[in-house]
Amino acid sequence: MIEINILKFKMKNFKKYVYIKTFGCQMNVYDSILISEGLLEIGYELTENIETADLILFNTCAVRGLAEHKALSELGATKKLKTKKPDLQIGMLGCVAQNLGKKILKSYPFVDFVLGTKEMYKLPTYLNYKTDKARLEVSLDNKIVGYKTKKNLPNSVSVFVTIIRGCSNFCSYCIVPFVRGKEESRNIDEIFDEVKILVGNGVKEIVLLGQNVNIYGKDINIKLESLLQKLNEIDGLYRIRYFTSHPKDVNEDFIKSIKSIPKICEHIHIPFQSGSNRILKSMNRKYTREEYIEKVNMIRDYIPNIAITTDIIVGYPTETEKDFVDTLELLKVCKLDNIYSFKYSPRAGTLSYKNLEDDISKEIKEKRLEILNNLENEISRQINNSLIGTSQEVLWENLKKTKTTLDIKNNFTIEGRTRTFKKVFANTSIQNAEKSIGKLEVVEIKKATAYSLTAERK
Ligand code: SAH
Ligand code: SF4
Ligand code: F3S
């Protein structure tokens with residue numbers, strides 16, 4: 001703490017700019033905000049122009065080879081900036097940093113520091129030292145030290161809050177447990193205080209994050225339901241969302257209790273990954289397609305209008321046409337509102353990588369992805385079409401700056417979401433648009449596509 005104060009003092013006369021680029025999941029977005037807060041505290045300002053930065057940070061994702069490759073190629077491109085500006089500091093943070101640590105320092109010698117997923121929070125303290133040699137910190141044992149409050153929050157309506165870090169599931173294909181360490185729940189009071197501060201800053205919706213939010217609190221003897229009930233009491237908070245839910249950990253008690261908590265939105269993200277029992281077993285997912293269908297039915301029995309979304313991997317090693325058809329069939333039976341689909345990407349260190357050859361060609365993976373997405377487009381189009389003519393509560397989140405209609409008076413578009421996480425657009429005048437952001441409004445749905453709804457304001 002003392003060190004931070006000294007730096008604050010030292011930097012008073014200099015304006016230093018930090019550029020942060022975030023890759024990967026929402027938890028990384030949250031982490032980048034935490035890190036940037038720490039930097040703002042010691043005198044940095046954020047810049048969106050990499051050329052003007054004194055400090056460049058990449059907060060990276062290693063979940064698929066492509067994500068890792070993107071981060072490394074952007075890192076490589078900063079070399080020329082460093083040549084022009086020798087004082088420039090460049091740091092690699094997060095999951096790729098954790099995964100490739102030493103290799104990054106070796107292959108990219110111009111990089112000043114590599115901080116893994118538990119060390120990156122200490123960045124403001126590290127910057128306090130004169131860094132004359134590259135630092136590498138990638139331990140997974142350190143407890144994350146306290147969280148900062150959200151004083152410098154970007155003016156947002158909906159904000160992510162990580163409630164559980166790491167993952168102890170070890171799905172065979174997945175690198176997350178290796179780069180993020182074991183499940184660790186955040187303290188319930190700490191989360192509550194943080195959300196209260198957020199709401200005090202104008203936030204209306206919080207999205208609680210974890211690789212598997214349903215086991216929040218297992219390690220500290222608390223239930224997710226208790227946290228949700230506590231957050232529901234916060235005045236001024238309109239909506240609570242949470243994801244991701246692992247199918248094996250969603251049970252009837254949980255669904256009953258979320259039904260009874262008014263601010264929790266009717267949306268659940270439960271990745272099924274594959275519809276083939278043989279593949280699910282090999283993935284170490286710990287449920288069958290039949291159990292998944294049962295859970296979906298149970299959820300819909302309690303909350304009939306709930307939206308359900310999922311993640312699916314195609315081209316997992318040994319996936320046959322029949323296995324893939326099982327995936328399509330599962331999607332058809334469950335009629336899910338949206339899917340996030342991925343081509344299998346072998347990740348060194350994981351069980352699938354060790355034991356199975358990546359034997360499905362790129363062409364087959366791409367073809368399967370296309371077929372899957374076409375099917376989902378049809379399903380989401382049907383679901384969204386069924387909403388035409390209904391009234392929906394929307395929380396307006398953003399003003400779209402581009403003029404999108406020929407209607408001279410109402411030529412601004414605002415975007416928001418229904419409680420079921422569906423994107424809604426409405427045309428409005430600029431005065432009304434600005435006033436609407438952060439407000440709830442019941443609108444009538446006039447048009448629908450597979451991806452969004454268009455509303456008319458009453
Ligand atoms: N914890 C969540 C999601 C983790 S990562 C869960 O259990 O579902 C987000 C998604 O990336 C996963 O759901 C999975 O669909 C995908 N994914 C993870 N590892 C992958 C890999 N090696 N190749 C392709 N997709 C992968
Ligand atoms: Fe990866 Fe499985 Fe953990 Fe999700 S639950 S992060 S897919 S290991
Ligand atoms: Fe990627 Fe790390 Fe998130 S690997 S998905 S950024 S936890």
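All figures in this text were calculated on a predicted structure; none of them were measured in a lab. Indexing begins at 1, ligand by ligand and atom by atom, following the structure's order. Position 1 is the first residue of the sequence, and the numbers go up from there.
Within the protein, the number of N/O/S atoms found under 2.8 Å from atom 3 (Fe) of ligand 3 is 1.
Using a non-hydrogen distance threshold of 4.0 Å, Ile313 registers as a contact of ligand 1. Residue contact annotation: Lys365 has no non-hydrogen atom under 4.0 Å from ligand 1. Heavy atoms of Arg285 approach ligand 2 to within less than 4.0 angstrom. Residue contacts with ligand 1 include Val63, since one of its heavy atoms falls under 4.0 Å from the ligand.
Side-chain contact annotation: His269 with Asn338, donor-acceptor N/O pair under 3.5 Å absent. Side chains of Ser185 and Asp219: a donor-acceptor N/O pair is present below 3.5 angstrom, by distance only. Judged purely by distance below 3.5 Å, without hydrogens or angles, the side chains of Gln211 and Asn169 never pair a donor atom with an acceptor atom. Residues Thr327 and Arg368 bring no donor and acceptor atom of their side chains to less than 3.5 Å of each other. One side chain, Asn373 or Ser341, offers a donor N or O that lies under 3.5 Å from an acceptor on the other. Between the side chains of Thr350 and Ser352, not a single donor N or O lies within less than 3.5 Å of an accepting N or O. A donor-acceptor pair shorter than 3.5 Å can be found between the side chains of Ser282 and Tyr316. Under the 3.5 Å distance criterion, with hydrogens and angles disregarded, no donor-acceptor pair is assigned to the side chains of Asn59 and Thr22. A side-chain donor-acceptor contact under 3.5 Å links Gln273 and Tyr173.
Remark: Tyr242 engages Phe254 in a ring pair (Phe, Tyr, Trp, His ring centres under 6.0 Å) (not counting sequence neighbours). For Asp358, the salt bridge (charged side-chain N to carboxylate O under 4.0 Å, His left out) partners are Lys365, not counting sequence neighbours.
When the heavy-atom distances from atom 24 (C) of ligand 1 to Arg285, Lys343, Arg347 are ranked, the shortest goes to Lys343. Ranked by closest heavy atom to atom 23 (N) of ligand 1, the top entry among Ser345, Pro177, Ser352, Cys167 is Ser345.
Remark: Arg417 qualifies as a cation-pi partner of Phe421 under the 6.0 Å distance and 45° angle criteria applied to the six-membered ring. Seen from the ring of Tyr302, Lys259 does not count as a face-on cation partner, given the 6.0 Å and 45° thresholds.
Set against the non-hydrogen atoms of Tyr344, the atoms of ligand 1 under 4.0 Å away are 23 (N), 24 (C). Near Tyr173, meaning under 4.0 Å from one of its heavy atoms, ligand 2 places the atoms 7 (S).
Inspection of the environment of atom 3 (Fe) of ligand 2 yields the following protein N, O or S atoms under 2.8 Å: Cys167 SG.
Ion pairing of Glu183 with Lys218 is absent here, as no side-chain N (NZ or NE/NH1/NH2) approaches a carboxylate O to less than 4.0 Å. Checked for salt-bridge contact, Glu266 and Arg419 meet the test: a charged N lies under 4.0 Å from a carboxylate O.
At the shortest separation from atom 8 (O) of ligand 1 among protein heavy atoms lies Pro271 CG, 3.0 Å. For atom 3 (C) of ligand 1, the closest heavy atom belonging to the protein is Gln211 OE1, 3.6 Å. Given atom 26 (C) of ligand 1, the protein heavy atom at minimum distance is Arg64 NH1, 3.4 Å.
Backbone and side-chain nitrogen or oxygen atoms of Tyr173 are examined, and one is located within less than 3.5 angstrom of a nitrogen or oxygen of ligand 1. For ligand 1, the polar-atom distance check against Gln273 finds a nitrogen or oxygen pair separated by under 3.5 Å. Remark: ligand 1 and Asp311 share an N or O pair separated by less than 3.5 Å (distance only, no angle test).
Between Tyr287 and Tyr292, the ring planes are tilted. Angles from 30° to 60° get that label.
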